[in-house]
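Here the structure comes first, spelled out in C-alpha cells, and everything after it is commentary.
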Amino acid sequence: MIFKKIWNAFLRIFGKGASIPAHSPTHEPLLKTSNKEIKGTLKVIEGNLPSDIYGVFNVSLPVGSVNSEGLPFPEKTKEGKHNPEYGSPIMNGDGMVIQVDFNQAEPFIQSKIMKTPCYYADLATKQGTPHHGLMGFHNMGITRMSMVFGARNELNTATQPVKFKGQKTGSLMATYDVGRPYLLDSQSLVLITPMGKCSEWMTAEPPMVPWPFGIVQTSAHPIFDPVTQEVFTVNYSRDKGSFTHLEQTLHHLKHNRDSFKEKLEKLANDLVDHEDDKHVHSQVSTFFQDLNTHVEGNPHDTDEPKGDVFMYLLGWNGDGPVVHWDLEDQNGDKLAIYECMHQMGITKDFIILTDCSFKFALDLLFDNPFPESKLIERLIRRLGTVKMEPFTTVYLVKRADLDPKKEKVTAYRLEGPIPLETIHYSCDYSNPDGVITLYGVHNAATCIAEWVRTFDRRAIDKKPVDPDYYSLFAVGSMDISRLGKWKIDSKTLKVIEEESQVYEDPGNYKEANLGPNTWTIVLYTYRDILSAEKVVPTIKQFWYVSDGTQPDLLTEFVYNLYKKYPHRKLSLDEIKDATRRELPFSITRVNLESMQPEDYYQCDKKTYIRGIHFIPKKTPTPSVPEELDGYLFCPTQVGHEQTDGDWKYTSEFWVFDATSISKGPICKLASDDIKFAFTLHTSWMPESGPSDQSYKISTRDDYDEVINNLGIKAEKKFLKEFFEENIYPHFK
C-alpha cells in the first residue's frame, strides 16, 4: 500500500510511466529554427524561376526567446539546469519577418527580429543576468510576462501592407493578438512607430499593477481599406470573469512566490488525478478565493480597485492620434467577448467583428504562473481548458456611423451565429443591397491555443508524445475542417441559409492519393489578399493548405475534450484510423462560385507547406482569368530520410503555377543561411522602399508618460533608469 502511494505520487509529478521516444545523438529537431538576422540571396535548387514573378513577399514566424536563441526551447539552460521554457508553446516567441524581394537581379532574402521596447527589456533581464529573477520575463502559457515590467509584445503573427493618403511607398504593419501593431520600413524591416501612443490604448491588467508594458488585447488581423486608406482594429478586454482572482494572484506571484508555489503544488498533488471534477473545481476555487489565508507573506489588499470590461473599435489614417469608438450592441449592452477577436473583416459599407475560436485572452495569460512545475501545469490545464464554442458570434458595424466626433457606435449582433466555429475568414468587398459574403475556414473541434505538453500522450495508442512535437499547436484532427460561404443580410441581421454553402470532404483518406480534402485547413490565399492598393469586389478562387493528420498532435487531452463534438461528420474510430495513417499535407483550390474543388496538390511524407501567398504575374496573360493569373509562393519544410531512418529538414521556398498546382512546384529555392520550421501569415507588395511615414511616436516620450502615470506602488526611479540604460538608446 505504501509503495503504491509512492508510485502514484511519482506518476502525478512526472507523468504516467512509459518511456519517451529516443532520438539519435545526431538527430535534428523538427522545430529547429534560427533566430539569426541574415541578408543574402535565394538560389534555385530545382526547376526554373519564372521571369515574370515580381514584388516583395513577407512571412512572420516565432523564433523562440532571448534565452533559447532559436527553436526548439532547450531542455537545459546554459548552466545545465532545468529550463522552465522547455515545452513552451511555439506561439510564445520573438517575432521575426523573413522577406524575399523578387525585384532584384537575384531573389534577395533578409530576416529581422521585431525589436519592440519590451524586447530590449527582455534582453537586459535574460537568463544569466543579475536582473533575471523577479524582473525577468517568463513563458507563462501562451504569453511571456515579467512581474515587474508586464507583458511582451512579440509581433510574431502577421504583416499587413498599408499605404496612407499621400504616401507613395507606405509601410508594413506587424501584428500580434496581445500588443499594439507597429509600422515597419518595408525595405529595412526596422520598426518605425506603433499605431497610437500607449496612452491611446486600454490595458487589461488590474489597475493595481504598475506595469510599463501593459496587456493590450487586439486583433492579429487588423483591416486596411485601400479605397479610404485607413486601418481599423479593436482594443478590448474579455468578459468580467477574466478578472476573477487575477489581482491577488499577481500580488502573491510578485511578493510571496515561493510560498505560493509550495502551497499550490501541494494542492495539485492532491487533486490533479482526482476523479471528481466538481470536487477539484471546488477545492481550487476555495484556495484562490482568499490566497491571503493560504500563502504566507505580504498580504493582498482586497479593497484595491478592480478592472472592468471594455470594447473599442479603433480607426487610424496614419497621421495623428487613433480614433476610438466605444461599441455596444443594438440593445445598448457592452460587447462581451468570450474567446478572442483574432480576425476582422471589411466590406464597402461594413466592418465585421467576430468572437473567434482561439483562446488567446486574459485567462490564458497565466496558464501556468510556475512554468517550471509540470504538476501545477497539469492541474491548471485540467481546470482552465474549455471547449471552443461550436459557432461564431458575428457583429456588423456600419461604416457610415463611424463619425470621428462620436464616442459610441452600435455593433449589430446577428440574430443567430454562423453555425460553425471560425478562426480565419475573408469577405467580398462588394456588399450589394446590404448582403455581405463571408468565407470562413472552420477548424472543427480545434483550439490553436492548445499546445503539446511534455507530459502529453497520443490518443491513438496512449504512448508518450515524441519530444519533436513538444510546443507545437495540438491540432490533431478531431473532425474534418469546413470551408463556408455565408451570405449575411445586414437589414434582417440573419444568415441567409438558402444562399450559404459549406464544402467539406475527408477525401479518399484510405488511399495513397487523398484527392481534394478538408483535413485540418490552416492558411489560405487568393489574389490581392491583404493588398494596400486594391480591393477584391468578389473573391473567386481560393487556395488553402491542409495539414492532414499526425499521431503526435492528437493528444489524449484534446481527444477527450472534443470527443462529443456536436457537428461531428466522422466517427471517432474513423478519426483514429485517419490519424494512424498520417495523412499528408496538401493544397486545394476551390472555385468559390460553385464551392467545389478544381485543383489539388499532395505533398510527400514529412513535407510541410508552412505558408501560402498568391503573387500576380508582372505582365498579365490575356487568356487567363485575372484571379488565376499568377503564382503561389510557399515557405516549405522538406524532410529527407537518412540512412539510419532518421529525418533532416531543409527550409525551401516553392513556386507553383496558380493555374495548375497539380503539376507540383515549378521552382524550388533555398539559402544555407535561413532555417525555419514553422511560419505563420504571409503578405506581398509590388515593391518595397524607405517608408514615407511622417507621423512617428517617440519611444522616450511614449514610455516616460507611461512611467510618470503609473500607480503609487511603481518604482518610478528604477524604471526610468532602466529604460534610459537598456531601451531608449535603441530608439534614437
Side-chain angles (χ1 to χ4, degrees), residues 13 65-67 73 77 79 81-88 92 118 121-122 124-152 205-215 243-272 283-302 304 362-381 383-384 710-711 713-715 718-719 722:
I13 296 172
S65 72
V66 294
N67 302 310
F73 295 106
T77 65
E79 294 75 30
K81 298 179 181 178
H82 170 72
N83 181 13
E85 295 179 356
Y86 181 56
S88 296
N92 195 351
C118 60
D122 199 348
T125 60
K126 64 184 291 188
Q127 290 175 0
T129 65
H131 294 309
H132 185 64
L134 183 63
M135 284 188 277
F137 288 79
H138 303 271
N139 287 0
M140 295 184 181
I142 205 164
T143 299
R144 186 168 177 82
M145 307 193 75
S146 159
M147 287 299 102
V148 171
F149 294 107
R152 281 294 316 274
E205 73 275 8
M208 48 74 74
V209 179
W211 283 345
F213 302 123
I215 302 170
F243 292 102
T244 304
H245 311 313
L246 187 57
E247 293 90 350
Q248 58 178 346
T249 299
L250 287 170
H251 170 88
H252 289 291
L253 276 173
K254 185 172 182 178
H255 297 286
N256 312 308
R257 190 178 191 278
D258 290 343
S259 175
F260 190 2
K261 179 185 175 184
E262 178 188 349
K263 299 301 171 59
L264 188 54
E265 268 195 325
K266 183 179 184 303
L267 184 71
N269 187 65
D270 294 338
L271 296 176
V272 70
Q283 292 294 305
V284 173
S285 179
T286 299
F287 177 81
F288 276 99
Q289 278 172 5
D290 188 5
L291 283 176
N292 288 342
T293 302
H294 307 284
V295 178
E296 298 163 358
N298 182 9
H300 168 248
D301 182 357
T302 56
E304 286 179 334
L362 197 60
D363 54 349
L364 260 290
L365 300 182
F366 294 92
D367 189 273
N368 186 4
F370 304 102
E372 68 278 14
S373 173
K374 297 305 176 185
L375 182 62
I376 292 175
E377 183 176 348
R378 287 179 61 207
L379 176 65
I380 291 178
R381 181 169 71 163
L383 288 166
L710 288 175
K713 292 185 177 181
E715 298 287 344
F718 161 75
L719 289 174
F722 183 90

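Computed over heavy atoms, backbone and side chain alike; hydrogens, waters and symmetry mates excluded. Keep in mind the model is a prediction, meaning the values are calculated, not measured.
In terms of heavy-atom proximity, Thr125 sits nearest to Met135 at OG1-O, 4.1 Å. Nearest heavy atom pair, residue Ala151 against residue Gly214, reads CB-O, 4.3 Å. Taking all atoms of both residues into account, the shortest heavy-atom contact from Pro210 to Pro212 is O-CD, 3.8 Å.
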Quiz item: Run the side-chain contact (heavy atoms from CB on, under 4.5 Å) check on Lys266 and Asn269 step by step: do they pass?
Solution: CA-CA 5 Å; Lys266 183 179 184 303; Asn269 187 65; 5.7 Å; no
Quiz item: Would Phe287 and Lys263 count as a side-chain contact (heavy atoms from CB on, under 4.5 Å) if you check the C-alpha gap in whole Å, the side-chain angles of each, and the deciding distance to 0.1 Å?
Solution: CA-CA 9 Å; Phe287 177 81; Lys263 299 301 171 59; 4.0 Å; yes
Exercise. Let me see the working for Glu265 and Asp270 under side-chain contact (heavy atoms from CB on, under 4.5 Å), right down to the final yes or no.
Key: CA-CA 9 Å; Glu265 268 195 325; Asp270 294 338; over 6 Å; no
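In this structure, His138 contributes its side chain and Met145 its backbone to no donor-acceptor pair below 3.5 Å. Checked by atom type and distance alone, the side chain of Asn92 pairs as donor or acceptor with a backbone atom of Thr143 at under 3.5 Å.
The aromatic rings of Phe718 and Phe722 are tilted relative to each other, their planes meeting at an angle between 30° and 60°.
Looking at residues two or more places apart in sequence or on another chain, you find a side-chain contact (heavy atoms from CB on, under 4.5 Å) between Ser146 and Phe137, Val148, Phe149. Listed by chain and residue number, Glu372 satisfy the side-chain hydrogen bond (donor to acceptor under 3.5 Å, both in side chains) test with Lys261 (two or more places apart in sequence, or in another chain).
Among the candidates Glu296, His294, His252, the single residue satisfying the side chain to side chain contact (heavy atoms under 4.5 Å, CB included) test with Ser259 is Glu296.
Atoms OG and NE2, from Ser373 and His82 in turn, are 9.0 Å apart once rounded to the nearest 0.5 Å.
If you check the side chains of Gln127 and Asn83, you find a donor sitting under 3.5 Å from an acceptor. Under the 3.5 Å distance criterion, with hydrogens and angles disregarded, a donor-acceptor pair is assigned to the side chains of Asn67 and Glu85.
Side-chain contact between Phe213 and Arg152 is absent, with no heavy atoms from C-beta onward closer than 4.5 Å. Between Leu719 and Leu710, the closest side-chain pair of non-hydrogen atoms falls below 4.5 Å.
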